[in-house]
Amino acid sequence: MCPASLDEVAGVAKISSSVGPKIPQVVLLFGATGDLSRRKLLPGLFHLASAGFLPASRIIGVSLDEIDAQAFRDLARSALEEFSPRALTEDAWQAFAASLDYVPMGKGAKALKAAVARAEGDLGGDCERLHYLSVPPSAALPAVRLLGDAGLVPRSRIVMEKPFGVDLQSAVQLNRQLHQVFSEDQIFRIDHFLGKEPAQNILAFRFANGLFEPIWNRNFIDHVQIDVPETLGLGRRSGFYETVGAYRDMVVTHLFQILAFMAMEPPTALEPGPISEEKNKVFRSMLPLDPKDVVRGQYIGYRSEAGVDPESDTETFIALKCLIDNWRWAGVPFFLRTGKKLAEGQRIISIAFREPPKSMFPVGSGIGAQGPDHLTFDLADASKMSLSFYGKRPGPGMRLDKLSLQFAMHDTGLLGDVLEAYERLILDAMRGDHTLFNTAEGIERLWEVSIPLLDGPPPVRLYQPGSWGPKSIHQLVAPHAWRLPFERAWRDPNPLGA
Ligand code: BG6
């Protein structure tokens with residue numbers, strides 16, 4: 001028999017369960033042996049359980065691998081050792097291990113149903129079910145059908161990983177077939193970027209302050225960049241990635257969601273309905289992507305990786321210009337970029353303000369020499385913000401330098417309270433809170449604006465690993481310039497290493 005809650009065993013401070021679900025949870029984790037599960041979901045569930053966010057829980061791994069529960073526990077243990085950012089105590093691990101079970105997908109509905117019945121029997125009393133589908137788009141429907149056949153729909157919620165479908169038609173079909181089994185209020189279409197603390201901070205920054213909202217529009221903002229270069233390669237994921245590519249993996253999902261938070265009108269309340277409505281209005285105003293405004297790249301060496309077609313046309317890099325044709329943003333380009341094996345790993349939103357007339361400053365003063373004023377958000381968990389502006393260099397005459405005001409979350413002393421994005425969203429799904437999840441309408445609209453690109457993608461251009469992508473990215477943003485790499489480094493928020 002397992003302990004009622006892992007914190008009793010782990011001996012860690014019990015966190016008020018007011019933020020967590022009230023009812024014991026049985027989690028069915030599809031894709032349990034996969035990369036996301038090992039990197040994020042198992043470590044995240046471990047933290048939620050051991051820190052007392054969950055009242056009590058059982059986790060049943062499901063995947064194509066024909067392994068048993070002990071092998072799954074071993075896999076979970078090595079995943080925690082490799083990827084958990086927090087120390088693993090033996091007591092906490094033992095309690096977590098006792099909550100793990102495993103069913104190979106091939107064993108079918110009966111075995112799944114029996115495992116859930118066992119878990120619910122252990123937990124006793126009322127339980128809720130969270131089905132987490134960490135599987136590629138092609139495996140989503142078979143898993144949904146299996147859950148239906150196993151009779152596991154009542155008292156359940158289902159989390160659908162991205163990408164949700166691979167184009168408009170498949171997303172519409174997936175939504176339709178999903179609705180034959182689950183009702184909309186049971187469905188949580190996850191995008192983990194929205195679970196990142198700094199993404200939610202965009203809403204706080206914009207709508208809790210009087211300073212910036214009046215200038216948050218085409219009259220003051222020249223252009224916006226959402227730039228998420230990654231140094232990571234594909235590791236064990238090349239087989240999956242080969243069928244998806246950078247646009248479906250990152251842009252139609254994460255980058256467009258961040259764009260929506262950045263560009264939306266103030267919602268009437270911070271609640272799921274009003275927030276989704278404002279985000280969906282942004283998506284409705286987006287112009288269909290023009291392939292001429294897109295650069296697709298592929299790093300040299302990708303085609304010789306395991307699971308990759310030697311003549312693959314899949315992009316591992318994409319940069320594009322996107323336009324939102326509404327009163328707030330008409331004519332303001334949004335430049336988006338992301339890719340694998342690039343020079344730096346960063347996640348930034350950079351907002352460039354319009355420049356003033358500079359005629360009063362003498363030639364050679366340096367005015368405008370370092371680009372326009374910028375507001376920059378760093379979307380790392382240890383998030384940062386910076387506002388850059390020109391100021392006078394001390395001394396005689398009028399020389400101007402680019403200066404900045406910077407804020408780092410580190411300064412609040414509360415960095416330890418940040419929940420990792422998946423942890424936050426799993427908790428929200430268990431509580432039935434849809435605020436940070438996507439709607440069918442929003443996703444379908446994003447696939448709709450993608451049609452010209454998906455139908456007529458520009459050719460992939462090769463780039464060197466460790467570079468910033470194909471050379472043509474500079475033409476894409478001209479006459480502007482990419483903000484990364486930064487000319488000036490962020491201030492170190494922790495110079496003494498405290
Ligand atoms: C995932 C993508 O959704 O997001 C990965 O599938 C990508 O390819 C990852 O590396 C980036 O997320 P994060 O949180 O590490 O910035």
Side-chain angles (χ1 to χ4, degrees), residues 1-10 21 23-50 53-81 83-84 88 90-135 139 142-144 146-159 161 422 426 429-430:
M1 185 81 187
C2 266
S5 92
L6 299 188
D7 53 329
E8 288 168 16
V9 174
I23 301 175
Q25 301 285 318
V26 175
V27 179
L28 246 76
L29 182 54
F30 285 77
T33 57
D35 189 72
L36 179 64
S37 169
R38 293 171 59 253
R39 277 176 190 277
K40 299 287 184 186
L41 304 178
L42 287 167
L45 285 163
F46 170 74
H47 177 233
L48 291 178
S50 61
F53 285 105
L54 304 184
S57 58
R58 291 289 180 279
I59 297 160
I60 303 170
V62 184
S63 88
L64 294 175
D65 291 323
E66 292 285 333
I67 57 172
D68 62 10
Q70 188 50 47
F72 179 53
R73 287 187 199 112
D74 294 343
L75 177 144
R77 167 113 202 188
S78 64
L80 295 192
E81 280 167 358
F83 299 115
S84 176
L88 183 65
E90 202 46 40
D91 283 350
W93 162 250
Q94 288 302 337
F96 187 66
S99 76
L100 298 178
D101 196 0
Y102 184 83
V103 179
M105 186 92 170
K107 289 256 168 16
K110 236 169 116 189
L112 211 56
K113 188 177 178 154
V116 172
R118 256 194 328 271
E120 293 183 344
D122 276 359
L123 292 169
D126 287 345
C127 290
E128 289 176 337
R129 301 156 178 171
L130 186 81
H131 308 313
Y132 197 119
L133 266 56
S134 172
V135 296
V144 168
L146 185 66
L147 289 167
D149 293 347
L152 295 173
V153 177
R155 293 183 279 114
S156 79
R157 302 189 174 98
I158 182 165
V159 179
E161 257 300 335
Y422 284 98
I426 288 172
M430 285 177 170

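Both backbone and side-chain heavy atoms feed into the values below; hydrogens, waters and symmetry mates do not.
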With Phe30 via ring-ring contact (aromatic ring centres under 6.0 Å, His included) - residues at least two apart: none
Reported CZ-to-CG distance for the pair Arg73 and Leu42, which is rounded to 0.5 angstrom: 12.5 Å
Where do Glu128 and Arg157 land on the side chain to side chain contact (heavy atoms under 4.5 Å, CB included) test, with the steps shown first? CA-CA 8 Å; Glu128 289 176 337; Arg157 302 189 174 98; 3.3 Å; yes
Tell me the closest heavy-atom pair linking Leu123 and Ser57, and the distance in Å. CD2-N, 3.9 Å
Looking at Tyr422 and Leu36, what are the two nearest heavy atoms and their distance? OH-CD1, 3.3 Å
Can you tell me how far CG of Asp74 sits from CZ of Arg77, rounded to the nearest 0.5 angstrom? 9.5 Å
State, with a plain yes or no, whether a side-chain heavy atom of Val144 is found less than 4.5 Å away from one of Leu133. yes
List the atom of Ala32, the atom of Leu29, and the distance in Å for their closest heavy-atom pair. CB-O, 3.3 Å
Which residues pass the salt bridge (Lys or Arg N to Asp or Glu O under 4.0 Å) test with Lys113, sequence neighbours left out? none
Is Leu147 close to Leu28 at the side-chain level, that is, under 4.5 Å between some pair of heavy atoms? yes
Which heavy atom of Ala109 sits nearest to which heavy atom of Ala150, and what is that distance? O-CB, 3.5 Å
Pair Arg118-Ile60, side chain to side chain contact (heavy atoms under 4.5 Å, CB included): steps then yes or no: CA-CA 10 Å; Arg118 256 194 328 271; Ile60 303 170; over 6 Å; no
Ser37 OG to Leu45 CG distance, which is reported to the nearest 0.5 Å: 8.0 Å
Measuring from Gln25:CD to Ile59:CD1, what's the distance to the nearest 0.5 Å? 10.5 Å
Give me each pair satisfying salt bridge (charged side-chain N to carboxylate O under 4.0 Å, His left out) with a member in residues 33-50, each pair once, sequence neighbours excluded. Asp35-Arg39, Asp35-Arg237, Arg38-Glu82, Lys40-Glu420
Between Ser63 and Thr33, a side-chain donor and acceptor under 3.5 Å: yes
Which atom of His131 lies closest to which atom of Ser156, heavy atoms considered: NE2-CB, 3.4 Å
Could you walk me through whether Met430 and Leu54 pass side chain to side chain contact (heavy atoms under 4.5 Å, CB included), step by step? CA-CA 9 Å; Met430 285 177 170; Leu54 304 184; 3.5 Å; yes
If you define the side chain from C-beta out and look only at heavy atoms, does anything of Ile23 sit under 4.5 Å from Pro55? no
Residue pair Tyr132 / Glu161, side-chain donor-acceptor N/O under 3.5 Å: yes
Pair Leu112, Asp149 - check side chain to side chain contact (heavy atoms under 4.5 Å, CB included), show working. CA-CA 10 Å; Leu112 211 56; Asp149 293 347; over 6 Å; no
Side chain to side chain, Phe96 and Leu88, heavy atoms closer than 4.5 Å: no
Looking at every non-hydrogen atom in both residues, tell me the closest pair between Phe53 and Pro21 and how far apart they are. O-CD, 3.6 Å
Please tell me if the side chains of Leu100 and Phe46 come closer than 4.5 Å, counting only heavy atoms from C-beta onward. no
Asp65 versus Leu75: any side-chain heavy-atom pair under 4.5 Å? no
Looking at CG of Asp122 and CZ of Arg58, how far apart are the two atoms once the value is rounded to the nearest 0.5 Å? 4.5 Å
Between Arg155 and Asp126, is there a side-chain heavy-atom distance shorter than 4.5 Å? no
Report yes if the side chains of Leu130 and Ile426 come closer than 4.5 Å at any heavy-atom pair, otherwise no. yes
